[in-house]
Amino acid sequence: MQYRRATSGDWSAIERLLLECALPVAGAREHLAHFIVCEEGGEIRGCVGAEVYGNAVLLRSLAVDKPSRGRGLGVALVDRLMARLKAHDIRRVALLTTTAEAFFAKLGFASVGREKIPDGLRGSEEFKGACPDSAAAMLMAL
């Protein structure tokens with residue numbers, strides 16, 4: 001498995017993967033410079049992205065294709081993204097999830113009310129409606 005920064009040429013594969021995983025694509029392409037992908041045999045098997053707003057980040061679009069699940073790719077993608085964020089002096093990482101609250105809790109994220117999410121992040125497409133109001137908000141301090 002090879003991990004690397006996403007390029008503009010990866011967008012169609014990332015979009016397809018997000019749609020297959022029932023994740024929102026609104027706003028993702030605009031933040032492609034902050035995506036990491038993993039690939040195997042020339043095929044993108046997973047991705048994770050970040051929307052950077054000052055020293056706070058919205059983690060988004062963590063997706064792994066069905067045949068590759070259960071191999072630790074999700075954890076590896078998040079670990080690589082977090083290392084990159086720490087190197088850029090990011091202090092807080094937030095996310096919204098409808099299906100993976102337990103997964104992210106194991107990685108150190110805590111469930112919070114949306115009012116605890118840094119103001120700048122609330123301008124994201126995910127907060128403006130790409131994610132439903134029922135999505136759990138989670139936060140981690142780095």
Side-chain angles (χ1 to χ4, degrees), residues 1-40 43-142:
M1 196 64 61
Q2 192 175 30
Y3 296 85
R4 61 174 175 77
R5 284 182 171 206
T7 67
S8 59
D10 295 325
W11 174 246
S12 62
I14 291 170
E15 181 181 40
R16 185 172 45 254
L17 180 59
L18 295 178
L19 292 171
E20 286 173 6
C21 294
L23 293 173
V25 296
R29 189 174 195 166
E30 293 80 5
H31 297 277
L32 195 58
H34 300 289
F35 269 68
I36 296 172
V37 297
C38 60
E39 64 182 350
E40 182 176 53
E43 297 289 326
I44 291 180
R45 301 293 181 192
C47 65
V48 67
E51 293 186 28
V52 180
Y53 299 92
N55 67 351
V57 164
L58 179 68
L59 184 148
R60 64 165 301 153
S61 306
L62 176 62
V64 174
D65 70 359
K66 287 181 183 177
S68 302
R69 291 181 187 168
R71 297 170 50 193
L73 301 184
V75 171
L77 283 161
V78 172
D79 285 348
R80 282 167 172 76
L81 181 64
M82 294 302 203
R84 200 160 125 203
L85 296 174
K86 285 179 187 176
H88 287 91
D89 208 28
I90 300 299
R91 297 289 176 231
R92 294 182 290 175
V93 180
L95 62 88
L96 293 173
T97 182
T98 57
T99 60
E101 194 170 352
F103 171 83
F104 285 110
K106 288 179 186 176
L107 299 180
F109 284 85
S111 295
V112 297
R114 287 187 182 220
E115 73 280 356
K116 299 285 186 186
I117 301 297
D119 289 336
L121 301 184
R122 289 189 227 145
S124 161
E125 290 295 326
E126 289 203 351
F127 276 92
K128 288 192 219 174
C131 281
D133 289 341
S134 61
M138 302 185 82
L139 189 62
M140 175 194 282
L142 297 181

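Given the structure is predicted, the values throughout are model-derived calculations rather than measurements. No hydrogens, no waters, no symmetry mates; every other heavy atom, side chains included, goes into these values.
- Taking CD from E39 and CD1 from I44, the interatomic distance works out to 6.0 Å, rounded to the nearest 0.5 Å.
- Between the CG atom in L73 and the OG atom in S68 there is a gap of 5.5 Å [rounded to 0.5 Å].
- In this structure, R5 places its CZ atom where only 12 or fewer heavy-atom neighbours from other residues, nucleotides or ligands lie under 6.0 Å away.
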Got a list of side-chain donor-acceptor pairs under 3.5 Å for residues 93-103, not counting sequence neighbours?
residue	atom	partner	partner atom	Å
T97	OG1	T99	N	3.2
T97	OG1	A100	N	2.8
E101	OE2	S111	OG	2.4

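- Shortest non-hydrogen contact noted between L139 and K116 is CD2-O, 3.8 Å.
- Among all heavy-atom pairs drawn from G49 and L81, the shortest one is O-CD2, 3.6 Å.
- The main-chain N or O of I117 is found under 3.5 Å from a side-chain atom of R122 such that the two form a donor-acceptor pair.
- Annotation for S61 and P24: closest pair OG-O, 4.3 Å, computed over non-hydrogen atoms.
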Determine all donor-acceptor pairs shorter than 3.5 Å in which one atom belongs to a side chain in residues 9-19; sequence neighbours excluded.
residue	atom	partner	partner atom	Å
D10	OD1	R4	NH2	3.0
D10	OD2	R4	NH1	2.7
D10	OD2	R4	NH2	3.3
D10	OD2	T7	N	2.8
D10	OD2	T7	OG1	3.3

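- A distance of 7.0 Å separates CG of D79 from CG of L107, quoted to the nearest 0.5 Å.
- Using a 4.5 Å heavy-atom cutoff, the side chains of R45 and R71 are not in contact.
- Shortest non-hydrogen contact noted between G123 and K128 is O-CE, 2.8 Å.
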Only pairs under 3.5 Å count here: list side-chain donor-acceptor contacts from residues 29-36, not counting sequence neighbours, and write none if there are none.
none

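- A salt bridge between E125 and R60 is absent, with no side-chain N of the basic residue lying under 4.0 Å from a carboxylate O of the acidic one.
- For the pair R114 and F127, the minimum side-chain heavy-atom distance is below 4.5 Å.
- Considering every non-hydrogen atom in both P118 and R92, the closest pair reads CG-CZ, 3.5 Å.
- No side-chain heavy atom of S124 sits less than 4.5 Å from a side-chain heavy atom of L121.
- Residues R69 and C21 share a closest heavy-atom pair of NH2-SG, 3.2 Å.
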